[in-house]
Amino acid sequence: MVPPPLALLLPLVATALAEPLRFVDCGSKDGSIQEVNVSPCPTQPCQLVKGTSYSINVTFSSKIESQGSKAKVYGEMLHVDIPFPIPEPDGCKSGIQCPIQKGHSYSYLNKLPVKSEYPSIKLIVKWELVDDQDQMLFCWKIPVQITS
């Protein structure tokens, strides 16, 4: 059993280990990104191991009101966006309290599964969240390397 004072520190240590990523904003129009975390990703480019799932946490504030939101994820290679399926594209089922309200901050939480059949390559992950008018709440990019 973990002593009570130590049990209180464990979540803080885990949070401290989740370093915010350096990301490129690729067109956040209706929102503003405060922070992007991919876990585990101790260094950049993120090493994504095939057969593993990664936690995505994006903190952003909304500049608009929207009834819902939908995520679109791509692997960008040679400036071509290749759709990357995720288990739950609905932002309202991914940590966001809907309807989305102007001026409020949200924590978007999702998973990025890396399938075993993906090739071992370097690419850019591009993650978009669009509002109910298909406008960009946020868009960010990070470099990754898919490995075995």
Side-chain angles (χ1 to χ4, degrees), residues 8 10-148:
L8 294 173
L10 288 177
L12 296 175
V13 171
T15 303
L17 293 176
E19 288 291 316
L21 288 179
R22 290 182 311 277
F23 63 91
V24 172
D25 188 305
C26 49
S28 303
K29 179 179 177 243
D30 288 346
S32 178
I33 302 172
Q34 275 86 53
E35 189 172 282
V36 175
N37 283 298
V38 177
S39 182
C41 174
T43 61
Q44 284 185 265
C46 290
Q47 302 292 312
L48 303 182
V49 179
K50 295 178 195 180
T52 306
S53 193
Y54 294 82
S55 296
I56 307 297
N57 184 351
V58 181
T59 305
F60 74 101
S61 59
S62 179
K63 297 177 184 175
I64 52 92
E65 296 192 3
S66 179
Q67 291 304 306
S69 61
K70 182 180 177 187
K72 299 176 182 179
V73 182
Y74 305 92
E76 184 183 294
M77 292 178 284
L78 303 172
H79 303 290
V80 175
D81 290 342
I82 298 160
F84 214 83
I86 56 171
E88 184 52 74
D90 186 344
C92 299
K93 295 179 181 174
S94 302
I96 297 174
Q97 180 79 34
C98 290
I100 295 169
Q101 297 180 26
K102 182 178 181 176
H104 284 102
S105 256
Y106 297 93
S107 265
Y108 168 82
L109 307 166
N110 213 322
K111 294 283 185 196
L112 178 64
V114 181
K115 296 181 180 176
S116 299
E117 59 267 20
Y118 288 166
S120 295
I121 54 170
K122 287 184 179 181
L123 69 144
I124 303 291
V125 168
K126 178 179 174 183
W127 202 295
E128 302 175 346
L129 188 71
V130 296
D131 61 24
D132 54 13
Q133 301 297 311
D134 215 32
Q135 297 296 310
M136 204 77 68
L137 280 164
F138 67 67
C139 178
W140 54 268
K141 294 181 183 182
I142 60 166
V144 301
Q145 179 159 6
I146 298 177
T147 62
S148 297

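Residue numbers run from 1 in the order of the sequence given.
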Rounded distance [0.5 Å steps], CG in N110 versus CG in L129
9.5 Å
Check against side-chain contact (heavy atoms from CB on, under 4.5 Å), V49 and Y54
CA-CA 9 Å; V49 179; Y54 294 82; 3.6 Å; yes
Sorted by chain and number, sequence neighbours left out, side chain to side chain contact (heavy atoms under 4.5 Å, CB included) with S148 holds for K50, S120
Taking all heavy atoms of P119 and all of I146, pick out the closest pair and write down the distance.
O-CG2, 3.4 Å
Sort and list the pairs that fulfil salt bridge (charged side-chain N to carboxylate O under 4.0 Å, His left out) and have at least one residue in residues 57-80, not counting sequence neighbours.
K72-D134, E76-K141
Measuring from S53:OG to K115:NZ, what's the distance to the nearest 0.5 Å?
11.0 Å
Suppose we screen for side chain to side chain contact (heavy atoms under 4.5 Å, CB included). Which residues come up paired with P99, at least two apart in sequence or across chains?
Q67
Checking P45 now: which residues fulfil side chain to side chain contact (heavy atoms under 4.5 Å, CB included) with it, not counting sequence neighbours?
Q47, P143
Once you round to the nearest 0.5 Å, how far does CG of L48 lie from CD1 of I142?
7.0 Å
Applying ring pair (Phe, Tyr, Trp, His ring centres under 6.0 Å), which residue pairs with at least one partner in residues 28-51 are found, sequence neighbours left out?
none
Tell me, please, which residues at least two apart from I64 pass side chain to side chain contact (heavy atoms under 4.5 Å, CB included).
D30, S62, S66, D131, L137
Take atom CD of Q97 as the centre, draw a 6.0 Å sphere, and report whether it contains more than 12 heavy atoms from other residues, nucleotides or ligands.
no
Does any non-hydrogen side-chain atom of Y108 lie less than 4.5 Å from one of V36?
no
Please walk me through it: do L112 and W127 pass side-chain contact (heavy atoms from CB on, under 4.5 Å)?
CA-CA 10 Å; L112 178 64; W127 202 295; 3.9 Å; yes
Where at least one partner belongs to residues 114-148, residue pairs that pass disulfide bond (SG atoms under 2.5 Å apart), sequence neighbours excluded:
C26-C139
Salt bridge (charged side-chain N to carboxylate O under 4.0 Å, His left out) filter on D132, not counting sequence neighbours, yields none
Please identify each residue that fulfils ring-ring contact (aromatic ring centres under 6.0 Å, His included) with Y118, with sequence neighbours left out.
F84
With the side chain counted from C-beta on, respond yes when S107 and N57 share a heavy-atom pair under 4.5 Å apart, and no when they do not.
yes
Value for CG (N37) from OG (S55), rounded to nearest 0.5 Å, stands at 10.0 Å
Does anything in residues 77-108 form a disulfide bond (SG atoms under 2.5 Å apart)? List the pairs, not counting sequence neighbours.
C92-C98
Pairs touching residues 85-112 that satisfy salt bridge (charged side-chain N to carboxylate O under 4.0 Å, His left out), sequence neighbours left out:
none
What distance do L78 atom CG and I124 atom CD1 have between them, rounded to the nearest 0.5 Å?
11.0 Å
What residues, two or more places apart in sequence or in another chain, satisfy ring-ring contact (aromatic ring centres under 6.0 Å, His included) together with Y106?
F60
Between C46 and L21, is any pair of side-chain heavy atoms under 4.5 Å apart?
yes
Answer yes or no: is there a side-chain heavy-atom contact under 4.5 Å between V58 and F23?
no
